Structure formats: C-alpha cells, structure tokens
Amino acid sequence: MTRALAILMDPIHTIKPTKDTSLALLLEAQQRDYALFYMEQGDLALRDGVPLARLAPLQVEDRNSNWFTLGEGSWCDLRTMDIVLPRKDPPVDSQFIYDTFVLEAAQRAGVKVINDPCALRDCNEKLFALQFPQCIAPTLVSRDAKELRRFVSTYGEAVLKPLDGMGGRGIFRVRDGDSNLNSMLETLLGGDANGQHRRFTLAQKFIPEINTGDKRILLVDGEPLPYALARIPQGKEFRGNLAAGGHGEGVALSERDYWIAAQLAPELCRRGLRFVGLDVIGSYLTEINITSPTCMRELDQQYGLHTAAMLFDAITKTTN
C-alpha cells in the first residue's frame, strides 16, 4: 500500500536546492516510496471540523535546476496523509497559528505531523529557550524601552531582536551610550497613536564568541548529531546567519554542547518536537528552531551523514 506524505512550505521554486533541508527530506521520503504532495499556507482549510488541503502531486530530483515537478492541486481530506511536514519559515504570525489548528485536526485522526502542531503554536523559537535558564545568557524580553535601555547599560553591550524573525533579520548589536539606541528601539517596539509600544523585543547580553561561529546543532528525537554547523560572521558583520552572509563550517560538538542538548531533550520529546535545531554561541543556548530547522545538507555533505534517513527511521519506529 502506497504511503503518502504532504509538506507545507514556502514556494518551492524559491529554495536553494543544494542547501535546502526540506528538499533533503522530500528526497528521502520519495526514495522510501512515499507519494509526495505539496501545499502552501493558502492551501489549508477546515470544513465542519474536517481538515482539508489543496494538495499538488510532487516529484523531486537532487540537482541544481529543474529539481521538482508539480502537478495540479486539488482539495483533499488531509487525514488521508500518513505524514505531514509543516516547514513554513517564520514569522509565526496569526495565519501560521491558524494553520496549526488545521494540522492538529489531522493529527487527532492519526496523521503523523512533524513537528507537533501544538508545539509549533506554543514554543516561540526565541522565548522557548528561556525555559532553560541554566543554558542561556542574561536575557530580557520587554515592551518597555526604559527597561531595555537599562539592560544595555547593565551589560555594556547587547543584541536586540524581534520575537518573530529569522535569518538574522531585524537584529541589532548595540553598546551602552550608542546614539542610535533609541532609533533601534523605536523600530523594534513599534508604537500606536498614543505612543504605546506594541511589540515585545528581546535583549540579550552580547556573546563575544560569535566570532568563532553561531553553532547550529541538529537533534532527532532529542539525540544530537555529533557535528554542528558553525555559522561564522564575515567582515564587519556580527551576524553569523547564512542568510546574512555567514560562512558555514562544520565542527564537532563540545562537552557543553552535549550538556545543553541533554538539558533540552526530555522536554523536546515530551512536546513531540522530533526535528530541532539549537543555536549555540560560545557556552550559551540562544534559540530553539522548530518551525523549519536547516543546515542538514551542509552537515551531510561535510561529514557523510544521512540525517533525513535518521529522521525517517525514527518516524517509522512509531508508525509501524
């Protein structure tokens, strides 16, 4: 009996096939004889409590051009799928949250949704890390500009970031006394007609070890791969994100990295977070990536790993 897998992702024609983790997962599923189906955010619906999706048949190839063939989409009962991979990139906005309710309806009917839609809804990638204070650098999340300025003054240098960004977008490095601090806070906090700030902003003590890389550690069912991808800032840029121009270099996990992974693993597994990317700078956990963790292909290529196979082997153990 043919098994079926659906993936929810950003427009497939926009990906970089040599680096795209979603493509690696699709290639593995196709090799295992799953029928593949593709959908975007606008392709989900609920009718009388039944989760529906406009699914397009998909075939993929491991090459740099013409890497996919997409058929005509049609509305189907999402409960007919064996596995659904929600891999829509942040921001996790209200529309993304609504998507998780559709996916949860499919999950209640027995569909394997990876990662768990309830966890996608509940575990903001930046705030979730604060549940593990033993692992993080000093951090403040606030809408109060005065308190954020006080935080910068206390630590002398900090990083400011929004709660819903990705790829290094909207992140500022600031020092105490910086004449641009007020402007940065205005940009991040926003404001209404009465001058009330609307958006939470995260301030984190600057971690100098960023110059040796922002490590992405991948975990499958709570078990870390033995290597991480250190994303090293280039030139005068302080952000290591690959999307911000960082250079990716494989490194073996340190004893501290394994300790951080062990601290998180029980809670990740409890929440059904089966494929996770941890961001670690120096000795500190900075983010827990659960919506669309990346860097699988880079690590596979550098170390001869087959991470997608590890994930599907884990999934198979719980579906047989």
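Since the model is a prediction, treat every value here as computed from it, not as a measurement.
Ring geometry for Y227 versus Y303: interplanar angle under 30°, hence parallel rather than tilted (30 to 60°).
Taking the centre and axis of the six-membered ring of F101, the NZ or CZ atom of R121 falls inside the cone set by 45° and 6.0 Å.
Between I217 and P224, the shortest heavy-atom distance links the atoms CG2-CB, 4.1 Å. V111 and L78 make their closest contact through CG2-O, 3.9 Å (heavy atoms, listed as atom of the first residue, atom of the second, distance). When all heavy atoms of F312 and A29 are compared, the pair lying nearest together is CZ-CB, 3.6 Å. When all heavy atoms of E40 and P11 are compared, the closest pair comes out as OE2-CA, 3.7 Å. Of all heavy-atom pairs between A137 and I207, the closest is CB-CD1, 4.1 Å. Between A119 and L273, the closest heavy-atom pair is CB-CD2, 3.5 Å.
Note: the hydrophobic cluster containing I288 also contains V92 (ILVMFWY, side chain heavy atoms under 4.5 Å, direct or indirect links). Note on I83: it clusters hydrophobically with I12, by side-chain heavy-atom contacts below 4.5 Å among ILVMFWY residues. With hydrophobic clusters built from ILVMFWY side chains whose heavy atoms lie under 4.5 angstrom apart, I136 shares a cluster with V141. The cluster map of Ile, Leu, Val, Met, Phe, Trp and Tyr, joined by side-chain heavy atoms under 4.5 Å apart, puts V152 and F172 in the same cluster. Clustering ILVMFWY residues whenever any of their side-chain heavy atoms sit less than 4.5 angstrom apart, transitively, puts L285 in a cluster other than the one holding V159.
No donor-acceptor pair closer than 3.5 Å links the side chain of R54 to the backbone N or O of G73. The closest donor-acceptor contact from the side chain of E125 to the backbone of I290 lies under 3.5 Å. No donor-acceptor pair under 3.5 Å is formed between the side chain of R3 and the backbone N or O of Y34. Under a 3.5 Å cut-off, the side chain of R231 and the backbone N or O of D214 do form a donor-acceptor pair. Checking side-chain atoms of Q302 against main-chain N and O of G250 turns up a donor-acceptor pair under 3.5 Å. Distance alone, capped at 3.5 Å, is enough to place a donor-acceptor pair between the D300 side chain and the T307 backbone. Side-chain N or O atoms of R199 include one that pairs as donor or acceptor with a backbone N or O of L188 at under 3.5 Å. The closest donor-acceptor contact from the side chain of R87 to the backbone of P293 lies under 3.5 Å. Panel note: side chain R297, backbone P17; a donor-acceptor pair is recorded below 3.5 Å. Put simply, the side chain of Y155 never gets that close to the backbone of P138: no donor and acceptor are under 3.5 Å apart.
In this structure, R173 pairs ionically with E157, as a charged nitrogen and a carboxylate oxygen lie closer than 4.0 Å. A salt bridge links D77 and R79; the closest N-O separation between the charged side-chain nitrogens and carboxylate oxygens is under 4.0 Å.
Here the CG atom belonging to D164 is positioned 12.0 Å from the CG atom belonging to L202, to the nearest 0.5 angstrom. Rounding to the nearest 0.5 Å gives a distance of 7.0 Å between CG of L163 and OG1 of T201. Atom-to-atom distance recorded for M296:CE and L229:CG is 13.0 Å, nearest 0.5 angstrom. Atom CD of Q41 sits about 6.5 Å away from atom CG of L8, to the nearest 0.5 Å. Residue I7 holds its CD1 atom at 4.0 Å from CG of L26, rounded to the nearest 0.5 Å. One finds the CH2 atom of W259 at 4.5 Å from the CZ atom of R256 (value rounded to the nearest 0.5 Å).
A heavy-atom distance below 4.5 Å is found between the side chains of M310 and L225. Contact of the L85 side chain with the L5 side chain is registered, since non-hydrogen atoms from C-beta on lie closer than 4.5 Å. Here the side chains of F96 and D93 are in contact, with some heavy-atom distance below 4.5 Å. Within the 4.5 Å cutoff, the side chain of E287 has heavy atoms near those of the K161 side chain. The shortest side-chain heavy-atom distance between M184 and D178 falls under the 4.5 Å cut-off. In this structure the side chain of P86 reaches within 4.5 angstrom of the side chain of L120, judged on heavy atoms. Contact annotation: the side chain of P226 approaches that of Y258 to within less than 4.5 Å [non-hydrogen atoms, C-beta and beyond]. Contact of the K205 side chain with the Y284 side chain is not registered, since no non-hydrogen atoms from C-beta on lie closer than 4.5 Å.
More than 12 heavy-atom neighbours from other residues, nucleotides or ligands sit within 6.0 angstrom of CZ on F132. Counted within 6.0 Å of CZ on F128, heavy atoms from surrounding residues, nucleotides or ligands total more than 12; the atom is thus considered enclosed. Atom CD of Q59 has 12 or fewer heavy atoms from other residues, nucleotides or ligands within 6.0 Å.
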What do the steps show when you test L218 against F275 for side chain to side chain contact (heavy atoms under 4.5 Å, CB included), and what is the final call?
CA-CA 7 Å; L218 295 179; F275 182 51; 4.2 Å; yes
CA sep, side-chain torsions, deciding dist, call: D82, K112, side chain to side chain contact (heavy atoms under 4.5 Å, CB included)
CA-CA 6 Å; D82 294 284; K112 294 292 181 181; over 6 Å; no
Does the pair L181 and R149 meet the rule for a side chain to side chain contact (heavy atoms under 4.5 Å, CB included), with working shown?
CA-CA 8 Å; L181 176 56; R149 284 193 291 268; 3.6 Å; yes
Go through the steps for V276 and L278 under the test side chain to side chain contact (heavy atoms under 4.5 Å, CB included), then give the verdict.
CA-CA 7 Å; V276 174; L278 308 183; 3.8 Å; yes
Under the side chain to side chain donor-acceptor pair (under 3.5 Å) rule, what do T286 and D279 come out as? Steps first, then yes or no, please.
CA-CA 6 Å; T286 60; D279 288 350; 4.7 Å; no
Derivation of the side chain to side chain donor-acceptor pair (under 3.5 Å) call for S254 and D257
CA-CA 5 Å; S254 68; D257 296 333; 3.1 Å; yes
Show me, pair by pair, the donor-acceptor contacts under 3.5 angstrom made by side chains of residues 264-271, not counting sequence neighbours?
{"unit_1": "E267", "atom_1": "OE1", "unit_2": "R270", "atom_2": "NE", "d": "3.0"}
{"unit_1": "E267", "atom_1": "OE2", "unit_2": "R270", "atom_2": "NH2", "d": "2.7"}
{"unit_1": "E267", "atom_1": "OE2", "unit_2": "R271", "atom_2": "NE", "d": "2.8"}

Under 3.5 Å, which donor-acceptor pairs link side chains of residues 63-71 to any protein atom two or more places apart or in another chain?
{"unit_1": "R63", "atom_1": "NE", "unit_2": "S65", "atom_2": "O", "d": "3.3"}
{"unit_1": "R63", "atom_1": "NE", "unit_2": "N66", "atom_2": "O", "d": "3.0"}
{"unit_1": "R63", "atom_1": "NH2", "unit_2": "N66", "atom_2": "O", "d": "3.1"}

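With sequence neighbours excluded, the residues that form a side chain to side chain donor-acceptor pair (under 3.5 Å) with Q263 are Q134. Scored by the side chain to side chain donor-acceptor pair (under 3.5 Å) test, Q30 finds no partners at all (sequence neighbours excluded). When the salt bridge (charged side-chain N to carboxylate O under 4.0 Å, His left out) test is applied to D20, no partner is found at least two apart in sequence or on another chain. By the salt bridge (charged side-chain N to carboxylate O under 4.0 Å, His left out) test, K88 pairs with D10, sequence neighbours left out.
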